[in-house]
2 protein chains.
Amino acid sequence: MVTMSDVAKAAGVSVMTVSNVINGHRYVSDETRRKVTEAIERLGYRMNLAARNLRSGNTGVIGLAVPDLDQPYYGQLAALLVAEARRRGYRVAIEQTGASREGEAEALVHSRLRMYDGLIIATVEVGDAEAGALFADFPVVALGERISTASVDHVGMANYEGARAATRHLLEVGCRRIASVGGRTDGAPGAATLRTSGYLAALREAGIDADERLVLPCAFVSEAGAAAVRRLAADGVPFDGVMCMTDTIAMGVLRGLADLGIGVPAEVAVIGFDDISQATFTVPALSTVAPGHVEMVNAALDMLVERVKGTRPEGVNRQFTGPHRLVVRESTRR
Amino acid sequence: MVTMSDVAKAAGVSVMTVSNVINGHRYVSDETRRKVTEAIERLGYRMNLAARNLRSGNTGVIGLAVPDLDQPYYGQLAALLVAEARRRGYRVAIEQTGASREGEAEALVHSRLRMYDGLIIATVEVGDAEAGALFADFPVVALGERISTASVDHVGMANYEGARAATRHLLEVGCRRIASVGGRTDGAPGAATLRTSGYLAALREAGIDADERLVLPCAFVSEAGAAAVRRLAADGVPFDGVMCMTDTIAMGVLRGLADLGIGVPAEVAVIGFDDISQATFTVPALSTVAPGHVEMVNAALDMLVERVKGTRPEGVNRQFTGPHRLVVRESTRR
DNA sequence: TTGTACGCGTTATCAT
DNA sequence: ATGATAACGCGTACAA
């Protein structure tokens, strides 16, 4: 393994000079610089980052913990985050938590092993208790809705407002019996509950009584969406619109409605949430709520980098909520 | 920052003993172990991985370079790889190359910065020349089709056979004018060319003359698939089947056919390649070729870990080709 | 402008 | 069964 001192020897200078050339820290004569660069090239020297990290105390890597990259929403979030982080000089290591408390807690512990300079965690399960214990003294930004204390920097999205706008849109195109697939009213912390509140608010504002049979809690996967509408049909519950908690669910709902021979948007209008890229290509194309991914990712990175660099005083936490935008495509156009 | 020697001091032992307790290397008396464990707990000590890495010469991290996580195919590949790598005790850092030569070359250079113990790279553009220069003396496994020299371990899939089987399937359900969307006959290295060969072979075997107007080169994105069928229709080229080079393209093709009011599979049968998870939920559900992702990911990891651990002699390269399986869903069922 | 010496936290070796 | 010491490769005072 070629080290700095090998290069120094070959170039006839000291390691300090080599270090200075590499990092451009101090003035180095052109002649010396040339000699050093040549030696680096000739020997095929590469910096040992482990050594630099040990010395400097940081790694240039930020961790991203998501439930599952396989889900388009998280894949797209990760893609954006990796690209933006890179622009700021950071690399991204990804952990999959499997949406489990253990997975999330483990990601937090690992990052504190100083593998990462900071961690962005899309929380689903880790609650306040764990958060308080684990987040202490390590730069963490929570992305999502599970964290309610102000004990950590947090980037969220307009769950309530977005869902309300989506439901209002369904009402505007004439729906009167709108199902909420993936919704829940048990108060469990998380996006599902917040979005369901927005849905209920819109109904209330329109003077429509909510039918509890139209709120169908389910996992945020396509299979569940398809199953939900099948159940609705089997139970003979009439509905003319579906507000899905996520686009992934909505893809399943479209699928399920197709199986049932129910026309979209003619008989039932469908809207999703998240604006994943596939939403453009479903048949019919899916209307949805775009939650400002770019803004969210940038806000999260800004917050994290501030923490990592120690620019921000301890104890002062930030909160950012992404802008939301209604995207009308075919599935609600009539 | 709590270090080993802090723990050693608190427990009244030497750092070596602490290290032994943590790594379970040598025999340590139960009493000593208890004291050390207690001290670790009480002080909240965490291993410093940078130091361990410096000492041991490896990082426990493998790099994964993919064109773009946003593409479902790569997102799902990454999800699988992160999970499997973790089972083997490795973490995964992801780089996005943007499918550019620069991006791929850069990923290779970075990994040689000893940030990673090895690199799995889904090559699209880096050719033999670069490969030879960059791969030297660093554990790399190429995933994909661009590398043709035997200068590096390689995991590929049954592009030719898979495409041939898919096309044969279209022929069996009665198609006679089968378009190849994303196909290319210019011989450019890569999956597109190999799959097109399989497509042409199946046509030849069925005694059908290939119509060059039915081969439509395009990017591997949904937009391009939709555009391709629109062009076909606009040009008045008749077709009754579409063999898509990827499922992502196929989603666009389904979309494009829906726009044109063409029934699938009644008027035109459609098949994809890759078996991404969304293929189950398109309307109609997409028939496709499953390229044995799990086997490929495991093979790639096995190869890489062998290299990293130095189990395998230099210069002896391995090649693995994943199994393929035809998955028939609605888009070709008639 | 360049060089020397030491420390970052861990582990392997050798000794006790 | 446990401990002392020397690396691992780099960066930073401080000295020259």
Side-chain angles (χ1 to χ4, degrees), chain A residues 1-40 43-61 110-117 138, chain B residues 1-40 43-61 89 110-117 138 308-310:
Chain A
M1 182 182 295
V2 186
T3 75
M4 254 192 185
S5 78
D6 293 333
V7 174
K9 222 164 289 169
V13 299
S14 77
V15 289
M16 195 53 233
T17 304
V18 177
S19 172
N20 283 332
V21 168
I22 291 175
N23 300 301
H25 275 329
R26 300 203 222 165
Y27 280 104
V28 178
S29 71
D30 286 351
E31 171 58 12
T32 309
R33 178 187 310 281
R34 202 195 46 70
K35 279 193 306 196
V36 171
T37 322
E38 187 272 337
I40 288 177
L43 298 176
Y45 166 76
R46 306 280 168 203
M47 257 267 306
N48 182 324
L49 277 182
R52 166 182 280 187
N53 294 345
L54 175 58
R55 182 64 199 159
S56 68
N58 50 242
T59 65
V61 175
H110 268 111
S111 53
R112 298 191 60 220
L113 247 34
R114 301 180 186 81
M115 289 207 59
Y116 313 135
D117 290 348
F138 184 77
Chain B
M1 180 183 299
V2 186
T3 74
M4 255 191 186
S5 80
D6 293 333
V7 175
K9 223 165 288 170
V13 297
S14 76
V15 289
M16 205 48 237
T17 302
V18 177
S19 173
N20 285 329
V21 167
I22 290 175
N23 300 300
H25 275 329
R26 300 201 226 167
Y27 279 104
V28 178
S29 73
D30 287 351
E31 170 60 12
T32 309
R33 178 186 312 282
R34 202 196 47 69
K35 278 193 308 197
V36 170
T37 323
E38 186 273 335
I40 288 177
L43 272 52
Y45 164 77
R46 307 276 168 206
M47 256 270 304
N48 182 325
L49 276 183
R52 166 180 283 186
N53 295 345
L54 174 58
R55 182 61 225 202
S56 68
N58 51 242
T59 64
V61 175
H110 268 111
S111 54
R112 298 191 61 220
L113 248 35
R114 303 184 183 77
M115 291 208 59
Y116 313 136
D117 291 347
F138 185 77
V308 168
K309 296 203 169 146

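In what follows, every chain begins at residue 1, and chains take the letters A, B, ... in the order their sequences are listed.
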Item checked: Charged N-O contact under 4.0 Å between A:Glu31 and A:Arg34 -> yes

Note to self: In whole Å, I'd like the distance from the OH atom of B:Tyr27 to the C1' atom of D:dA1.
What the structure shows: 12 Å

Check: Given atom CG of A:Leu54 and atom P of D:dA7, what is their separation to the nearest angstrom?
Finding: 17 Å

Checklist line | Gap separating the CD1 atom of B:Ile40 from the CD1 atom of B:Ile22, nearest 0.5 angstrom | finding: 4.0 Å

Please report, to 0.1 Å, the donor-acceptor pairs under 3.5 Å made by any side chain of residues 4-13 of chain A, with sequence neighbours excluded.
from	atom 1	to	atom 2	distance (Å)
A:Ser5	OG	A:Thr3	OG1	3.2
A:Asp6	OD2	A:Thr3	N	2.9

Checklist line | First-last contacting nucleotides on DNA chain C - partner chain A, under 4.0 angstrom, heavy atom | finding: C:dT1 to C:dG9

Checklist line | Interatomic distance, B:Asn58 CG vs D:dC8 C1' [rounded to whole Å] | finding: 12 Å

Next item on the list: Compare the minimum distances between each of D:dG11, D:dC8, D:dG3 and the side chain of B:Ser14, then state the nucleotide with the smallest one.
Entry: D:dG3

Check: Given D:dG3, D:dG9, D:dT12, which nucleotide is nearest the side-chain atoms of A:Met16?
Finding: D:dT12

Item checked: Interatomic distance where CG belongs to B:Asn20 and C1' belongs to D:dT2 [whole Å] -> 8 Å

Check: What is the distance from CD of B:Glu31 to C1' of D:dT2, rounded to the nearest Å?
Finding: 14 Å

Next item on the list: Starting from P on D:dA4, measure out to NZ on B:Lys9 and report it in whole angstrom.
Entry: 12 Å

Notebook entry, point to check: Does the side chain of B:Thr32 get closer than 4.0 angstrom to OP1 or OP2 of D:dT2 through an N or O atom?
Noted result: yes

Check: Atom OG1 of B:Thr17 and atom NZ of B:Lys35: how far apart are they, to the nearest 0.5 Å?
Finding: 9.0 Å

Item checked: Nearest-nucleotide 5' precedence on DNA chain C, A:Arg55 against A:Val15 -> A:Val15

Notebook entry, point to check: Is A:Asn23 close to A:Ser19 at the side-chain level, that is, under 4.5 Å between some pair of heavy atoms?
Noted result: yes

Next item on the list: Give a yes/no on whether any side-chain N or O of B:Asn53 is located under 4.0 angstrom from OP1 or OP2 of D:dC8.
Entry: no

Note to self: Measuring from atom CG of B:Asp30 to atom OG1 of B:Thr37, what distance do you get when rounded to the nearest 0.5 angstrom?
What the structure shows: 10.0 Å

Next item on the list: Measure the spacing between CG of A:Asn20 and OG1 of A:Thr32 and express it to the nearest 0.5 Å.
Entry: 10.5 Å

Item checked: Pairwise 5' ranking along DNA chain D for A:Ile22 and B:Ser29, keeping only the more 5' one -> B:Ser29

Next item on the list: Calculate, to the nearest 0.5 Å, the distance between atoms CG and OH belonging to A:Asn58 and A:Tyr116 respectively.
Entry: 15.0 Å

Notebook entry, point to check: Which distance, rounded to the nearest 0.5 Å, do you find between the CD of A:Glu38 and the CG of A:Leu43?
Noted result: 8.0 Å

Margin query: Does anything in residues 33-40 of chain B come within less than 4.0 Å of DNA chain D? Heavy atoms only, and list the residues if so.
Written below: none

